Asker: 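Let me give you the structure first, and then I'll get to my questions.
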Amino acid sequence: MLRRAFSVSLILLYFSFILAPIVLMLIGSFGEKWFSTLLPTGFTLDWYVQLFRKAMYTRAMVMSLWVAGLTVLINGAVSVLTVYAVHVLDSRRIRAAFDFCLLLPIAIPPVVMGLGMIQAYNWKGFSLVGTWQLLLGAHLVYTLPFMMRPLMANIEMIRWSTLEEMSLSLGASLWTTIRRVLIPNLLPGIVSGALMTFAMSLGEFQLAVMVTGSKTQTFPVVLYQAFYVSTGFACAATVLMVLTSLLALVGLSLLGRSFSGEAVMGS
Amino acid sequence: MNPGSGKNGVELIGVGKLYGSTQAVRGVSLAVREGEFLSVVGPSGCGKTTMLRMIAGFIEPDAGDVLIGGVSMKGVPVRGRRVGIVFQNYALFPNMTVRENVAFGMKVQKRPQLQIEETVASLLAMVNMADRADSYPRQLSGGQQQRVALVRALAIEPRVLLLDEPLSALDAKVRNTLRFEIKRIQRDSGITMIYVTHDQEEALSISDRVALMRGGSLEQVGTPAELYSSPASEFAADFIGVNNILRGVYEGGGKFAWNGRFFTVETPAEAERNPGARAILTIRPERLVPAEAEYDGPNALEGRVAGRIFLGPLTRVALAVDSPDGETLLLDLLNAAGESAQMGDLLKVRFAPSDAHLLF
Ligand SMILES: Nc1ncnc2c1ncn2[C@@H]1O[C@H](COP(=O)(O)OP(=O)(O)OP(=O)(O)O)[C@@H](O)[C@H]1O
Ligand SMILES: [Mg+2]
């Protein structure tokens, strides 16, 4: 009984720790004033109206979605190919190199990576710093392990090399084998990798603040600035961010499920 | 006619494969007739899988040639060989139902839909899996998965079916039924099968011929009866079944000397060319029979019962023979006799000259 009560309160504590700030933001975004009171006073939709009126914020949101979407697509394609190659080649040395490369982006803090990128791609007369392409590059590297790892676990779990040999022996071409057998069986890995990657890219702040310019700011960067405008406005911007993120993640997992459902039906 | 050159026969000519410094397969020449059931047995690492994979086309031999239907397979990719494969771990496609798995090969061959459906239905019925057609592999037991894997390979009407230890992952009971199911399918369909196993008992029970491998080479190829009763080497005598192996000297004139005893043995004519040579006499445990105490004919041995194992229909007795090396012989007694042999009992046994096999 006591143990049960203890674990229930731990869980409640956990959820309130995560959810309380978000709930407060949600309340704050509808409040007229929030100054030296526990909760805001008055009700207004004005902050949201302002948010969508200011081009800086909508543009930043579009930029965030654009970069996150591209990161998922490019890293997804690169990862499927790489994981396939590493698995099929079945060489211990290549595997060690692969594992090492995946460790790098995790071992190097984003701040260090951002500073390094500024140093490396900022030449006189031609600079990549401030372009969305550089941010995309940074995010590609930063999120790569989170796409590769689930895929690698997935391809090993299904013991792909045997399945491939089986498919070839049944007369299928390599292309048919990849399309009809590999991709459907890799979908769980692709979906979980995509979710992780998208969420990380969308919310990434350190790299974005360092390598983007005024025209290419992403939403987390402008969100940070919003707190200098007013609390209510910042709350509204935060809520928008959380909502977009949730919607995108739910959408991605639904998409993944419908694809794998189709594959399961044998199309 | 060349035995390997039937339309669906397989022939290996001096096939070899080197992995780094390991000669996985060396100079294997073997002809498998169309419609034959050939088992490949041998200890772990002797090259069975490597040989099978060269026939399938997953690896290219670096010496010799593989012929299917009399045609060299050099440069022919896996999918061009029409060779069916069954692996130990079933390797069903997890994203497809049983039906889709079996239909896969015919689908990529673009067979008409109606024909595909009919074939799948009859194949699944053949292995009693018709009612599981819409299950996914993960919902099936190992034995059921292997049944599906078997008919999936048969669905493409392969010229030869290669099986690599298909039953090793299954429990004894399932293994036994499935083994004879495979044999029945082979007999009914007349398909050429090459069946790799490390279970020599399995090989003896279902094969037309057995190929015994050792260290990458073929040690002996023959019918199960030939391998059992006339092993070509000590290795074969030891690997196939249970054997008593007596190391001694061939004295000539059908006399074999062992530990100060002399046995009368049947010898091939050419044995007379080397009297005085070291030789090995092999005797199967069931060929040693109890003798009356007053028996004083040839080939008698006396010893004490030093161990006994109950094997169901018979009892295997370890007999410690009175000899300087303290050798132990195994003999199989049918149960009534086996029960009466108690530990420490003095037992006299004998064997007929034709029941022992002499090797040089
Ligand atoms: N890809 C490989 N790379 C290096 N050596 C290999 C490779 N495949 C097999 N070998 C070696 O070749 C030899 C034969 O291997 P193989 O798998 O053919 O044996 P096997 O008879 O099938 O054994 P088992 O009964 O254990 O399955 C072994 O010594 C093995 O270590
Ligand atoms: Mg093997």
Side-chain angles (χ1 to χ4, degrees), chain A residues 80 83-85 87-95 150-193 255-267, chain B residues 49 52-53 55-59 76-111 113 116 120 133-138 148-164:
Chain A
V80 168
V83 160
Y84 172 80
H87 181 76
V88 170
L89 287 176
D90 191 30
S91 139
R92 202 177 300 175
R93 233 178 299 163
I94 292 176
R95 184 57 206 261
L151 279 176
M152 199 63 184
N154 195 159
I155 205 168
E156 278 170 355
M157 190 194 68
I158 60 173
R159 291 198 259 196
W160 173 250
S161 12
T162 328
L163 292 184
E164 176 172 314
E165 287 179 350
M166 192 48 86
S167 176
L168 294 178
S169 82
L170 290 169
S173 65
L174 187 60
W175 170 236
T176 305
T177 301
I178 286 175
R179 202 167 43 87
R180 301 269 311 270
V181 192
L182 179 64
I183 301 290
N185 284 307
L186 226 45
L187 262 180
I190 294 177
V191 169
S192 71
L255 199 70
R257 196 171 307 167
S258 75
F259 264 131
S260 58
E262 190 179 295
V264 162
M265 297 308 169
S267 61
Chain B
T49 297
L52 210 66
R53 293 172 64 78
I55 300 172
F58 294 133
I59 43 183
V76 180
V78 179
R79 56 187 291 245
R81 296 193 182 192
R82 251 184 64 217
V83 160
I85 295 165
V86 178
F87 289 124
Q88 181 181 341
N89 64 5
Y90 330 127
L92 294 177
F93 304 129
N95 62 315
M96 300 181 199
T97 61
V98 164
R99 186 196 310 282
E100 290 160 357
N101 264 282
V102 179
F104 183 81
M106 291 184 285
K107 261 194 187 152
V108 299
Q109 286 177 357
K110 303 234 175 348
R111 302 263 192 89
Q113 186 62 29
I116 295 180
V120 170
D134 295 312
S135 303
Y136 283 92
R138 62 176 177 277
V148 176
L150 184 68
V151 292
R152 174 179 62 177
L154 290 174
I156 59 163
E157 290 171 12
R159 301 197 289 175
V160 46
L161 188 66
L162 308 174
L163 306 99
D164 193 356

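Given the structure is predicted, the values throughout are model-derived calculations rather than measurements. To find a chain, count down the sequence lines: A is the first, B the second, and so on, and within it residues start at 1.
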Asker: From B:R81 CZ over to A:S169 OG, what is the distance, rounded to the nearest 0.5 angstrom?
Answerer: 11.5 Å
Asker: Assess whether atom CZ of A:R95 is packed by more than 12 heavy atoms of other residues, nucleotides or ligands within 6.0 Å.
Answerer: yes
Asker: Under 4.5 Å, counting heavy-atom pairs only, tell me which of B:N89, B:V86, B:V78 racks up the most with chain A.
Answerer: B:N89
Asker: Between B:A91 and A:L163, what is the shortest heavy-atom contact and its length?
Answerer: O-CD2, 3.5 Å
Asker: Evaluate side-chain contact (heavy atoms from CB on, under 4.5 Å) for A:M166 paired with B:F104, printing each intermediate quantity in order.
Answerer: CA-CA 11 Å; A:M166 192 48 86; B:F104 183 81; over 6 Å; no
Asker: How long is the gap from OG1 on A:T162 to CD on B:Q88, to the nearest 0.5 Å?
Answerer: 10.5 Å
Asker: B:N95 side chain to A:R180 main-chain N or O, any donor-acceptor pair under 3.5 Å?
Answerer: yes
Asker: Does any heavy atom of chain A fall under 4.5 Å from the side chain of B:L92, the backbone, both, or neither of them?
Answerer: backbone
Asker: Identify which part of B:A56 has an atom lying under 4.5 Å from any heavy atom of chain A, answering side chain, backbone, both or neither.
Answerer: neither
Asker: Does the pair A:V181 and B:M96 meet the rule for a side-chain contact (heavy atoms from CB on, under 4.5 Å), with working shown?
Answerer: CA-CA 9 Å; A:V181 192; B:M96 300 181 199; 4.1 Å; yes
Asker: Which residues, numbered in order, of residues 152-161 of chain B come under 4.5 angstrom of chain A by heavy-atom distance?
Answerer: B:R152, B:A153, B:I156
Asker: Rounded to the nearest 0.5 Å, how far apart are CZ of B:F87 and CZ of A:R159?
Answerer: 11.5 Å
Asker: What do the steps show when you test A:L170 against B:F93 for side-chain contact (heavy atoms from CB on, under 4.5 Å), and what is the final call?
Answerer: CA-CA 12 Å; A:L170 290 169; B:F93 304 129; 4.1 Å; yes
